[in-house]
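In what follows, a single structure is set out as structure tokens and then discussed.
Every chain is numbered from 1 and lettered A, B, ... according to where its sequence line falls, protein lines coming before strand lines.
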Amino acid sequence: MTLSLYNSLGRQKQPFVPRVPGQVGIYVCGITAYDFCHIGHARVMVSFDVLVRHLRASGLKVTHVCNFTDIDDKIIRRAIQEGISIEALSSRFIDAFDTDMAALGVTPPDIQPKATEHLPEMRAMIQTLIDKGLAYESGGDVFYAVDRFPAYGLLSGKHLDELESGARVDVDSRKRNPLDFVLWKGAKPDEPQWPSPWGAGRPGWHIECSAMGVKYLGESFDLHGGGRDLIFPHHENEIAQTQGATGKPWVTCWLHNGFVNAVDDAGNREKMSKSLDNFRTIRELLTAWRGETIRLFLLNSHYRAPMDFSLELLDGARAGLGRLYGALRAAEGILGTLPEAYPVDWEHERQEYPQGPGVRFRDAMDDDLNTPQAIAVLFELAKGINRLVSEGDSPSQRQELTRHVALLRGLGGILGLCGEVPEVHFRFNPEGGWSDAEVEALIAQRNEARRNRDFQTADRIREELTQAGIVLEDSRDHTIWRREA
RNA sequence: GGCCGGGUGGCGAAGUGGUCCAACGCAGAGGUCUGCAAAACCUUCAUUCGUGGGUUCAAAUCCCACCCCGGCCUCCA
């Protein structure tokens, strides 16, 4: 089986064939840097991170580009509110983004271009569009003439005439067609501005992705992703701009992930978004849950399906992740150390274990990134590990165990899961409760009491620890523990 | 109004014509193990897949109609 992906352009799954054999270019629309990121942003970044990991694991050389919008109305407004420069504001949130993504285990994109660093490329593309008669100057702004681009509406399935009749678009007398969108905005006093042939101003939002996509990935490339809400008008406009300028088909396959809904106490749900003020920032959640837990939660739904968010659901993900790490920890107890996460040898897996976990995982991922099914394979491996652990430690069992663990870590790595030291997972300390040392001191006391067969004291200490969210597991010769709060 | 995604067990979530297909996880129940626990293992937990019709030897899976949730059509991941 080879990878097939659902292409928003055409609305169907289709086999993915790289334009250049062995190589893939992917552009993902990043964030506008004016606030902290929420789960919805996390979902985009984690989803496409997994796609990139899977492409690489499949042997492809991937160039992953993800931009930052660091100039726009919201940034300007927020910077004025806070009395700081737009650079100061955007760089603060770009740093925050990078920190949050690292916590979620997102591999940094190869290139993270910023809009303000690509003014020449944007101006050049706008000029080309003007020269070709696809854009026009009007009242200090430059607009794209949508009715000059026949394919306009193809991606989003919209028809120009219908759009116009139901238009909620601002009436702007400078536009020839209400749907024309701005490529260059004439300068307003006290706003950041750059010189241009059409007067000082700043770029419109859509042009940056066209210009930077072309610059880093070429006039035609394979994959372009983002949230569903970007299909119209953002991606529609990107296509109009880029193909209008180059005259070539731009992106082969458009990928869009579903929304994260916020659910309120009454059970009502709505799309999580900044304007609705119903979002949870990633960093807020990271105080109580490990990034990997959030990651498992996100990946346990298919990337295109809508999903609900609630804190209770994160607890479920934590328990599930605990099961995976529980198996790894048990294996560590037998093997001494955990085997390295080796890159999975698919050919070997398919030959030796045609129905095995490796093959089933790969097939699930190849089917439009069916991560829930892939995760199910991880859990099957965990069960296998637990069984082997309970069966003893003969050389052949150890060998089998080693293989299982290596596979769990290797496959997990494609999802960005199971790569941590088990103790780090189990000892994650959410709100600065008791320190590890305090916990271990109490455990030592308790074990002393147990040696004296003073079970009353031992149980009292355990009860204390339980109250503090610490769960103990006694084995033959030592006690291990974890935080469960 | 146009277009799009979704409605599967107590919860989350795969599956999109027939093969242990109703996976997997969480929660629950019983058992084994344990000083007691915990973890793990074993067993159990939807004759049923929004509703009503239809097609078929066979449907959660295809067709029609309808209901509900969410979204896009303006900035939005």
- request: List the protein contact pattern of nucleotides 15-33 of chain B with one symbol per nucleotide (5' to 3'): B for base contact, S for sugar-phosphate-only contact, - for none; contact means a heavy-atom distance under 4.0 Å.
  value: S-------BSSS-------
- request: For Gly226(A), answer base if it contacts any base atom (sugar-phosphate contacts may also be present), sugar-phosphate if it contacts only those atoms, and nothing otherwise; contact means non-hydrogen atoms under 4.0 Å.
  value: sugar-phosphate
- line: Using Watson-Crick geometry (N1-N3 plus N6-O4 or O6-N4) or G-U wobble (N1-O2, O6-N3), each under 3.5 Å, C45(B) is paired with none
message: In whole Å, measure the gap between the P atoms of U19(B) and A59(B) for me.
response: 11 Å
field: Spacing of the C1' atoms in C68(B) and G52(B) (rounded, Å)
entry: 15 Å
Between protein and nucleic acid, restricted to nucleotides 67-71 of chain B and to nitrogen or oxygen atoms under 3.5 Å apart, what atom pairs and distances do you find?
unit_1: G70(B); atom_1: OP1; unit_2: Arg269(A); atom_2: O; d: 3.2
unit_1: G70(B); atom_1: O2'; unit_2: Asn261(A); atom_2: OD1; d: 3.2
unit_1: G71(B); atom_1: OP1; unit_2: Lys271(A); atom_2: N; d: 3.3

task: With heavy atoms under 4.0 Å as the rule, sort Val28(A) into base, sugar-phosphate or nothing.
output: nothing
- request: Specify the separation, in whole Å, of atom CD of Gln456(A) and atom C1' of G35(B).
  value: 13 Å
message: Distance criterion of 3.5 Å, no angle test: do you see the side chain of Asp459(A) paired donor-to-acceptor with the base of G35(B)?
response: yes
- prompt: Nearest nucleotide by nearest heavy atom, which residue falls closer to the 5' end of RNA chain B, Gly384(A) or Phe297(A)?
  reply: Phe297(A)
query: Should we count CD of Gln81(A) as having more than 12 external heavy atoms under 6.0 Å?
result: yes
message: Classify Met45(A) by what it touches in the nucleic acid, base, sugar-phosphate, or nothing, heavy-atom distance under 4.0 Å.
response: nothing
Centroid-centroid distance, Phe93(A) to Phe36(A), less than 6.0 Å: yes
query: Are the aromatic rings of Trp250(A) and Phe221(A) close, with centres under 6.0 Å apart?
result: yes
message: Base of G35(B), side chain of Arg450(A) - is there a donor-acceptor contact under 3.5 Å?
response: yes
field: U55(B) versus C42(B) - spacing of their C1' atoms, nearest Å
entry: 44 Å
- request: Could you check whether Leu472(A) gets within reach of a base, just the sugar-phosphate, or nothing at all, counting any heavy atom under 4.0 Å?
  value: base
query: For atom CD of Glu463(A), is the number of surrounding heavy atoms from other residues, nucleotides or ligands below 6.0 Å larger than 12?
result: yes
query: Salt-bridged, Asp366(A) to Arg362(A), with N to O below 4.0 Å?
result: yes
Pair Asp49(A) + Arg53(A): basic N to acidic O under 4.0 Å: yes
query: With side chains defined as the heavy atoms from C-beta onward, is the minimum distance between Trp481(A) and Leu465(A) less than 4.5 Å?
result: no
Atom NZ of Lys114(A) with >12 non-hydrogen neighbours under 6.0 angstrom: no
message: Heavy atoms only, 4.0 Å cut-off, all strands: where does Arg446(A) land among base, sugar-phosphate and nothing?
response: base
message: Does C75(B) have OP1 or OP2 under 4.0 Å away from a side-chain N or O of Tyr34(A)?
response: no
task: Please tell me if the side chains of Arg360(A) and Asp363(A) come closer than 4.5 Å, counting only heavy atoms from C-beta onward.
output: no
- request: Answer yes if the ring centres of His235(A) and His256(A) are under 6.0 angstrom apart, and no otherwise.
  value: yes
Report each atom pair, protein N/O against N/O of nucleotides 9-11 of chain B, whose distance is under 3.5 angstrom.
none

- request: Report the distance from atom CG of Leu299(A) to atom P of A14(B), rounded to the nearest whole Å.
  value: 12 Å
